[in-house]
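See structure below.
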Protein chains: 2
Amino acid sequence: MAGTKQARRAPADRYDERRNQLAESALQTLGELGYARTSLREIANNSEFSHGVVHYYFADKFELIIYCVRYYKSRCVTRYDAVVEDSTTPEELLTAFAAKLVETVREEAAMHRLWYDLRTQSMFEEKLREAVLMIDATLEAMIWRVVSRYAELAGRPTAMTPAAAYGVLDGLFQQALLGHLTGSTVAVDSMAAQVHELMPLMLAPSAA
Amino acid sequence: MAGTKQARRAPADRYDERRNQLAESALQTLGELGYARTSLREIANNSEFSHGVVHYYFADKFELIIYCVRYYKSRCVTRYDAVVEDSTTPEELLTAFAAKLVETVREEAAMHRLWYDLRTQSMFEEKLREAVLMIDATLEAMIWRVVSRYAELAGRPTAMTPAAAYGVLDGLFQQALLGHLTGSTVAVDSMAAQVHELMPLMLAPSAA
DNA sequence: GCAAAGTCTTGACAGTCGTCAAGGGTCGCG
DNA sequence: CGCGACCCTTGACGACTGTCAAGACTTTGC
């Protein structure tokens, strides 16, 4: 990025920059209204551009949304890696992981209800499936890094497949998110307790 | 209202009958297209009536959809009760439960992706929340009947809250449903295996 | 400084949406 | 028979949607 602007501002840079700006506005709007009620005009209203510009940078609505999904992934997928790297005992990792989950539900609720929305839409709309499945696999891998590191620190082998570990944790997370959005004050803390109970069960029984 | 019926065909009966007919057409359409793309006209097209009749029986779109959710519940919520009642050993219950889950994903995929769709919509639309939360609680109770009966047959106490048990199983179910809808042939069987591994972990460790 | 390429706005299009009013149709009762 | 209540259709409304073309504004290369 350092010296790109001298003779003619590099078109590719500016192009991607605008696409990312629009993706950001789109993510904000989608997180607020949900997929069903989000229009391209509303997305443009939440940006500094007019509604026609969307079709200058994206072929159609799906291309924008799919681009958004991928753009979102690049920010979200390393969220728990610091937890993995900084923890030195299984208890420490478990507590830090649960705390990070709680923080995520509380502070990124809109973005995550959007994720669940889009994942569900992909059950109806084929065009969304490829991008959704790719992110789902990435999230599964992210969770698996936590679980396998947890097993390593505990000195016990894992007793679940990556898919199963992701599935159950995702279920708890989704439940907590719904509870949080409906005003429940205990749902999020309840999730933390559930994760504390569940994670040891993902490892083979201890020798003791 | 109850006294307005004469020898003439009881209005209340016919009224409810029509509402249920429309709810059935609506559920079929919603299961096919999803919430975002389902219009009242399309619902009417999938019934034997014209599009105007919807507003004769329902005040607006939300009243129809909420009625649908409740109508759907009445059919779905006892699905696993036969499993609970007919099983005499924990292994038998577990196998029958897993088989029923597999059957449900395979044969009721449309209806369940609709359920996940509506539940996610309730994260954005307050009007849907009350009905969704009511069903969610009913489903949690349904799952808990299975788990607690399983514990009873195994002679071991449960080691999870009803919410946690529902959360993790729902996560696995949703994962399998997405896999099934994307054409995966192993996703559903994989869920059965995961349930077999997970259910024993919901009970306190055996003495042995 | 000019022409061309790139960027953005505006306005319009063909549909579709939820909603509702006006009007037939049908049926049972007096 | 004819009246009135109930049931349903038809057609229309205003608003909103995704899409795109025409043109204006800006930036760049020469």
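Chain A is the first sequence line, chain B the second, and so forth, proteins listed ahead of strands; every chain is numbered from 1. We use all heavy atoms of the structure for the numbers below, so side chains are in, but hydrogens, waters and symmetry mates are not.
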Between [N] ([atom2]) and [X] ([atom1]): distance, integer Å:
| X | N | atom1 | atom2 | value |
| --- | --- | --- | --- | --- |
| A:Tyr15 | C:dC8 | OH | P | 11 Å |
| A:Arg19 | C:dT7 | CZ | P | 13 Å |
| A:Glu63 | D:dG18 | CD | P | 15 Å |
| B:Arg37 | D:dG18 | CZ | P | 14 Å |
| B:Asp16 | D:dC7 | CG | P | 11 Å |
| B:Leu40 | D:dT9 | CG | C1' | 16 Å |
| A:His55 | D:dC20 | NE2 | C1' | 8 Å |
| A:Glu17 | D:dT27 | CD | P | 14 Å |

Cation-aromatic face contact B:Arg19/B:Tyr67, 6.0 Å, 45 degrees:
yes

B:Lys61 NZ/CZ over B:Tyr35 ring centroid, <6.0 Å and within 45° of normal:
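Relative to the ring axis of B:Tyr35, which defines the angle, B:Lys61 lies inside both limits.
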
Tell me the closest heavy-atom pair linking B:Tyr150 and B:Pro200, and the distance in Å.
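Here B:Tyr150 and B:Pro200 meet closest at OH-CG, 3.6 Å.
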
If you look at every heavy atom in B:Leu33 and A:Phe124, which pair is closest and at what distance?
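In this case the closest contact between B:Leu33 and A:Phe124 is C-CD2, 3.6 Å.
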
For [N], take OP1 and OP2 only and decide whether either is under 4.0 Å from a side-chain N or O of [X].
| X | N | answer |
| --- | --- | --- |
| A:Tyr57 | C:dT7 | no |
| A:Tyr56 | C:dT7 | yes |
| A:Ser39 | D:dC16 | no |

Between A:Ala59 and B:Arg18, which has a closest nucleotide on DNA chain D that is more 5'?
B:Arg18

Taking atom types as they are modelled, would you say the side chain of [X] forms a donor-acceptor pair with the base of [N] within the 3.5 Å cutoff?
| X | N | value |
| --- | --- | --- |
| A:Arg41 | D:dT19 | yes |
| B:His51 | C:dG18 | no |
| A:Arg14 | C:dG6 | no |

Do A:Glu24 and A:Asn20 have side-chain atoms, one donor and one acceptor, less than 3.5 Å apart?
no

Could you please name the option among C:dT7, C:dT19, D:dC6 that lies closest to any side-chain atom of B:Lys61?
C:dT19

